[in-house]
There are 2 protein chains.
Amino acid sequence: MPTSAGERPMRADARRNYERLLAEAKGAFLEHGVDVPLEDVARRAGVGIGTLYRHFPTRLALQEAVYRDQVDSLVAKAYELDEALPPGEALAAWMRSFVESAAARRGLMQTLKAVIDKHSEVFARCHDEIREAVGLVLARAQEAGTVRPDVTVSDVLRLNHALSVATEHAPQDTGRLLSFLLDGLRSQS
Amino acid sequence: MPTSAGERPMRADARRNYERLLAEAKGAFLEHGVDVPLEDVARRAGVGIGTLYRHFPTRLALQEAVYRDQVDSLVAKAYELDEALPPGEALAAWMRSFVESAAARRGLMQTLKAVIDKHSEVFARCHDEIREAVGLVLARAQEAGTVRPDVTVSDVLRLNHALSVATEHAPQDTGRLLSFLLDGLRSQS
DNA sequence: TGCGAAACGGAGGATACCTCCGTATCTTTT
DNA sequence: AAAAGATACGGAGGTATCCTCCGTTTCGCA
């Protein structure tokens, strides 16, 4: 969100730079991993390093911002699948798409974890949004009987993350492992 | 292993320094994470930075060496549980102990992953040992019918790792998530 | 158009990495 | 036991990246 929270709108140049930085950071992270020198990101965006640090005081702040886009699209996906599929199938489909999209974003899963563990404010917002979306899909799956009732939203998110990390460099195994996991979530033991 | 592979034994001072470095690295990783400055490790061990780099040319090499100890004890644990428990239960017990011990070693799970992905030689040795141990336990569980036959050793290791990373900072959820996972490995769908 | 606020940029101090080579220590030989 | 040769040590210093600080520039409002 390129406006200072609740205050007057950003100046035009500031907003422009913020957006260019975000876009270039996303590209740079994908190309060179999340440890790419921040000076490179600044150069790609055509701004000074000082400007980068003003907008994103830490590396994690920049990673969070990039990450936020992905959360948004996962949230949208959850609602979309909820409408498109029968209640018993949407959760599995969403988890599949989560894990697949994670595979394309190298290193960002570790960032996600760092963010989760840090209880950051940025994450808190994403957190609520994604919990709400996944909560909806999960509840329907449980009503439909395809997921046992004692599974929580946190469980789903955590397991998704776990699987993403594990198969980051072994995408061919992702499907099998996810299906084991889904079986586990289904069975009433 | 503080002897140069297959060649003449290390000089006494070299061996001493190697061992001190390893011990201090283990401590420093636990206290400050695996990103602790290597100069600190060298200082703690009472050697120069050059000595550290001679024994461990990269950070990963040092992490691998520390990690190796843990693999050894997990391998031992697998054989131990195989003897102590009925065949259907040893695998679950081993996975439980893996995940629990991982929780105590912050950051090292990420190292494990880096090592796995790198196909390093050091890992290759550990790899064989642990695959053999887990393979034994897994095969018995499959014979006993508590694990479906299409689960592989890689699956078990990968899932273990995933869970360890995911619950590194949420140990209270570890048990539940693992039990979901085990249910998934058991059910024939 | 002019002025104050906001943002920019990059120099530079600090930290960490890692190599290189003169010095010190150990081991073997006589 | 002493010397020679092999091996290992240590840390100075070049390089890379981080991140702050502040003089300069740009923007927006009146």
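Below, each value reflects all heavy atoms present in this structure, side chains not excepted, and no hydrogens, waters or symmetry copies. Every chain is numbered from 1, with letters handed out A, B, ... down the list of sequences.
- In this entry the distance linking CD of B:Gln63 with P of C:dC17 reads 11 Å, nearest Å.
- Nucleotide C:dT27 holds its P atom 12 Å from the CZ atom of B:Arg15, rounded to whole Å.
- Atom CD in A:Glu19 sits roughly 17 Å away from atom C1' in C:dC8 (whole-Å rounding).
- Shortest non-hydrogen contact noted between A:Ala162 and B:Ala162 is O-CB, 3.0 Å.
- When each of B:Arg16 and B:Asp35 is assigned the nucleotide of DNA chain C bearing its nearest heavy atom, the one mapping closer to the 5' terminus is B:Asp35.
- For C:dT25, neither phosphate oxygen OP1 nor OP2 lies less than 4.0 angstrom from any side-chain nitrogen or oxygen of B:Arg11.
- Remark: A:Ile49, A:Gly50, A:Thr51, A:Arg54, A:His55 in residues 49-58 of chain A come within less than 4.0 Å of DNA chain C through at least one heavy atom.
- A salt bridge links A:Arg186 and A:Asp183; the closest N-O separation between the charged side-chain nitrogens and carboxylate oxygens is under 4.0 Å.
- Across the protein-nucleic acid pair, A:Arg43 atom CZ and D:dT17 atom C1' stand 11 Å apart, rounded to whole Å.
- Listed pair B:Asn17 / D:dA8 fails the phosphate criterion, with no side-chain N or O lying under 4.0 Å from OP1 or OP2.
- Here C:dC17 presents its C1' atom at 13 Å from CG of B:Asp40, a figure rounded to the nearest Å.
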Salt bridge (Lys or Arg N to Asp or Glu O under 4.0 Å) assessment of B:Arg16 paired with B:Asp13 | CA-CA 5 Å; B:Arg16 196 167 49 240; B:Asp13 53 347; 5.5 Å; no
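- One can place CG of B:Leu21 at 14 Å from P of D:dA8, the figure rounded to the nearest angstrom.
- Side-chain atoms of A:Arg59 come within 3.5 Å of backbone N or O of A:Val34 as a donor-acceptor pair.
- A residue-by-residue look at A:Leu38 and B:Glu39 shows that B:Glu39 has its nearest nucleotide of DNA chain D further toward the 5' end.
- The CG atom of A:Asp13 sits 19 Å away from the P atom of D:dT24 (whole-angstrom rounding).
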